[in-house]
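Each chain gets a letter, A, B and so on, in the order the sequences are listed, and its residues count up from 1.
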Amino acid sequence: MIRDTIVKNLEQAAAQAQQQGLIPQVDLPDIVLEHPQNPEHGDYAATVAMKLAKAARMNPFTIAEAITSVLSPIDGVEKVEVLRPGFINIVLSHDWLTRQVDEILNQGIQYGNSALGQGTKLQLEFVSVNPTGPLHVGHGRGSVLGSTLANILSATGYSVEKEYYINDAGNQMDNFFASLYARYREAVLGLPAEMPPDGYFGQYMIDLAQDLESEKSKIESMSEEEAKAHLGKLGLEKMLRQIDEDLKLLGVEFDNWFSEQTLYDSGQFEKIMALLGQDNHIEEREGAQWFVSTELGEDKDNVLVRSSGVPTYFAADIAYHYNKFAERGFDRVIDIWGADHQGHVSRMKTAMDALGISGNNLDILLSQMVSLRRGEEVVKVSKRTGDIVTLREVIEEVGADVCRFFFLARSANSQMDFDLELAKKQSLDNPVYYVQYGHARIAGIMRLAREKGIDYSNGNVSLLTEPAELDIIKLLIQFAETLEIVAKTLEPQHLPYYAQDLATSFHNFYEKCRVITEDEQLTAARLKLVEASRFVMAKALHLMGMNAPERM
RNA sequence: GUCCCUGUAGCUCAACGGAUAGAGCGACUGCCUUCUAAGCAGUAGGUUCCGAGUUCGAGUCUCGGCAGGGACGCCA
């Protein structure tokens, strides 16, 4: 990327300026290039001179001049200017810019990819909802976040595996089994039954029981324990299948579904307990096994194994994460959790440190709560009664693309209102369609070009001189930068905003510059630009898991 | 009480410590004999919750308030 080239050259120039005694030998800050808002300030701007001013005890303007005076020429850079108080503004050359159109066409669908991740083996775990009920909107947010990050991290050179962790062991499973068995007795066997007090009371449990009606004769011949286990196994499978289907509606798929139960079956759990015990991180109190995390800087200690002998969720999660790093060899792990798990973040990292795995290799993103609204009316959600609006209902109501875009465009750590009314009412003027319409217009032009049999392969891109044309090119070359920003910050909202900017600049171009005209030379050049825009626009949409429609 | 997230235009939200804080929706004014008007151009709309501090420079960092949400269990 030219951005990297410029940074490297500026670094060399700064070092050289120091060697020549133009500026004092102080530590050089990382050189950061930004895109100035004001086009008069060039295409890139460096602020290094201002940052050096204090340590160097020099006027930033003088520092900037010193650096630029020894800066060697850079291919693609036309002009380097120093402006008060000490900005180094960089203007790209017209020739280099237009050449990028050919470059994009050469790279095709690869354009925008980078080697940033250097093949780092990375696991992204998200959703991981307990399979005891259907997904709701909040889960949709996490799943869109996760799948989009996975796409972008793959494009930026990480070797990514997407995983869903199935909590198929422990308390909530017992509860689920007991609830299902009770519902089955009532709904299928017509017998009295008592739901567990903290059971799952949603209507879906009754539906689930009725779906298993074909098991009736088998169940009747079984003991209660056998029946519970049998129904539970089938019910769990059905729940998982439903979750999988709902996620697929949103365009979310996993590479691996990992069962919690296997941690116990494989001895993984025993292993981490032994490891922690051996380093004196475990103490027994009142019959329970405690992780002495206060000694590692945590606010409190946490139970790993209850006095009943049943391990806690936390303990299983430690074993699970140990498995990710130590057994499966991931270099880096990213988890996406709901904000209600925030209290778990710090102790999880601490546990990793205790096992000799740096918690720094574990990133935990929290996706904040989503509340549903219908205009002024707040859509009430009650977990206890199971009275929830499911993710599937929302997708069916507003569409998967709208759903994905709305979730993506908001930073994960902001709570959001999802207004169903707005998502639908706006549907014709909404940013989602604005972006997709940009792609459809592009496709329309290319379609016409094909119908007319226009060969633009020899188009001369240097004929692209209109500001509207150059604006698009400048945005196209920012695509890879945007993907890297997302990969570094793990904040995918930059991509939908980029896509909107690109759509704006294309719509503007469309209005000002007719592509297919009598002028064959210009037509060919512009078709190249349109085709390059199509690659990038389609890729941006696909990375977000959205459709890039040919027509609308 | 402690900890985490948030507070930016009427609404929903952006903005690696940089130059004149931006989009979409909503409001108002223009633009369709042309490759799609699901578009374009323009106008109005801001004490970035409040107060201190750090610095050449703060919506962004620090501290203290205020407001909303969340977490503080041998639940997950």
Could you tell me the Watson-Crick or G-U partner of [N], where both distances fall under 3.5 Å? Say none if there is no partner.
| N | answer |
| --- | --- |
| A67(B) | U6(B) |
| C72(B) | G1(B) |
| A37(B) | none |
| G42(B) | C28(B) |
| A15(B) | none |

Taking only residues at least two apart or on different chains, which pairs with a member in [range] satisfy salt bridge (Lys or Arg N to Asp or Glu O under 4.0 Å)?
| range | result |
| --- | --- |
| residues 300-318 of chain A | Arg285(A)-Asp301(A) |
| residues 476-485 of chain A | Arg3(A)-Glu481(A) |
| residues 441-456 of chain A | none |
| residues 397-407 of chain A | Arg374(A)-Glu397(A), Glu397(A)-Lys424(A) |

Problem - Test: Glu531(A) and Lys528(A) ion pair at under 4.0 Å - result: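 Looking at Lys528(A) together with Glu531(A), the answer is no, because their closest N to O distance does not fall below 4.0 Å.
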
How close or far is atom [atom2] of [N] from atom [atom1] of [X], stated in whole angstroms?
| X | N | atom1 | atom2 | answer |
| --- | --- | --- | --- | --- |
| His494(A) | C13(B) | NE2 | P | 17 Å |
| Phe506(A) | C40(B) | CZ | P | 12 Å |
| Gln500(A) | G39(B) | CD | P | 11 Å |
| Ile472(A) | C40(B) | CD1 | C1' | 14 Å |
| His507(A) | G42(B) | NE2 | P | 16 Å |
| Tyr498(A) | G22(B) | OH | C1' | 18 Å |
| Leu408(A) | U12(B) | CG | C1' | 16 Å |
| Glu491(A) | C5(B) | CD | C1' | 13 Å |

Handout entry: Flag if over 12 foreign heavy atoms under 6.0 Å of CD, Gln521(A)
Key =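 Check fails, neighbour count at 12 or below.
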
Problem - Asp30(A) CG: over 12 foreign heavy atoms closer than 6.0 Å - result: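 Result for CG/Asp30(A): open.
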
Exercise for the section: Hey, which sits more toward the 5' end of RNA chain B by its nearest nucleotide, Leu448(A) or Asn89(A)? Expected result: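 This one resolves to Asn89(A).
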
Handout entry: Given RNA chain B, 5'-ward residue of the pair Glu40(A) and Gln493(A), judged by closest heavy atom
Key =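 Looking at RNA chain B, the more 5' nearest nucleotide goes with Gln493(A).
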
Between the protein and nucleotides 47-50 of chain B, are there any N/O to N/O pairs under 3.5 Å, and if so, what are the atom names and distances?
none

Side-chain N,O ([X]) to OP1/OP2 ([N]) below 4.0 Å:
| X | N | answer |
| --- | --- | --- |
| Tyr510(A) | A37(B) | yes |
| Thr47(A) | C56(B) | no |
| Asn430(A) | C25(B) | no |
| Gln37(A) | G22(B) | yes |

Pairwise [atom1] distance for [N] and [M], with rounding to whole Å:
| N | M | atom1 | value |
| --- | --- | --- | --- |
| C28(B) | U33(B) | P | 24 Å |
| G51(B) | G24(B) | C1' | 33 Å |
| U54(B) | A71(B) | P | 38 Å |
| G17(B) | G7(B) | P | 15 Å |
| G26(B) | U60(B) | P | 32 Å |
| G68(B) | C49(B) | C1' | 11 Å |
| U62(B) | C40(B) | C1' | 46 Å |
| U47(B) | A9(B) | P | 9 Å |

Practice task
Please name all residues satisfying side chain to side chain contact (heavy atoms under 4.5 Å, CB included) with Thr504(A), sequence neighbours left out, ordered by chain then number.
Solution key: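 For Thr504(A), the residues satisfying side chain to side chain contact (heavy atoms under 4.5 Å, CB included) (neighbours in sequence not counted) are Tyr434(A).
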
Practice task
Output all residues satisfying side chain to side chain contact (heavy atoms under 4.5 Å, CB included) with Ser371(A), sequence neighbours left out; order by chain, then residue number.
Solution key: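 Ser371(A): side chain to side chain contact (heavy atoms under 4.5 Å, CB included) contacts with Asp417(A).
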
Handout entry: Listed nucleotide nearest any side-chain atom of Glu34(A), set U34(B), U12(B), C16(B)
Key =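 Within the option list, the nearest is C16(B).
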
Handout entry: Partner of Phe314(A) by ring pair (Phe, Tyr, Trp, His ring centres under 6.0 Å), out of His344(A), His341(A), His321(A)
Key =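 Of the listed options, the one satisfying the test is His344(A).
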
Which part of the nucleic acid, if any, lies within contact of [X], taking any heavy atom under 4.0 Å across all strands shown: a base, the sugar-phosphate backbone alone, or nothing?
| X | value |
| --- | --- |
| Ser411(A) | sugar-phosphate |
| Ala440(A) | base |
| Asp174(A) | nothing |
| Arg514(A) | base |
| Met416(A) | sugar-phosphate |

Problem - ring pair (Phe, Tyr, Trp, His ring centres under 6.0 Å) involving Phe176(A) - partner list, sequence neighbours excluded - result: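 Scan of Phe176(A) (ring pair (Phe, Tyr, Trp, His ring centres under 6.0 Å), adjacent residues dropped) gives none.
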
Problem - Distance-only side-chain donor-acceptor flag, Asp471(A) / Ser505(A), under 3.5 Å - result: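 No, because no side-chain N or O of Asp471(A) sits under 3.5 Å from a partner of the opposite role on Ser505(A).
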
Exercise for the section: Would you kindly say whether Glu81(A) and Asn89(A) are connected by a side-chain donor-acceptor distance under 3.5 Å? Expected result: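 No, no side-chain donor-acceptor pair sits under 3.5 Å.
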
Handout entry: Letter per nucleotide, 5' to 3', of nucleotides 69-76 of chain B [B base touched, S only sugar-phosphate touched, - untouched; heavy atoms, 4.0 Å]
Key = BBSS-BSB

Problem - In C32(B), glycosidic geometry as syn within 90° of 0 or anti otherwise - result: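 With its glycosidic angle within 90° of zero, C32(B) counts as syn.
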
Handout entry: Partners meeting salt bridge (charged side-chain N to carboxylate O under 4.0 Å, His left out) with Arg347(A) (sequence neighbours left out)
Key =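 Arg347(A) satisfies salt bridge (charged side-chain N to carboxylate O under 4.0 Å, His left out) with no residue once adjacent residues are dropped.
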
Practice task
Measure from the ring centre of Phe87(A) to the centre of the six-membered ring in the base of A19(B), then say whether that distance is under 5.5 Å and the planes meet at under 30°.
Solution key: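 Yes, Phe87(A) stacks on the base of A19(B).
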
Exercise for the section: Using a cut-off of strictly less than 4.0 Å between a heavy atom of the residue and any atom of RNA chain B, enumerate the qualifying residues of residues 52-66 of chain A by number. Expected result: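 Heavy-atom contacts with RNA chain B come from Lys54(A).
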
Under 3.5 Å, side-chain donor or acceptor atoms of residues 48-65 of chain A against the rest of the protein: list the pairs with distances, not counting sequence neighbours.
| residue | atom | partner | partner atom | Å |
| --- | --- | --- | --- | --- |
| Lys51(A) | NZ | Thr47(A) | OG1 | 2.9 |
| Asn59(A) | OD1 | Phe61(A) | N | 2.8 |

Handout entry: Donor-acceptor pair (no angle test) under 3.5 Å: Asp417(A) side chain, U12(B) base
Key =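 In this structure, the two groups form no donor-acceptor pair.
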
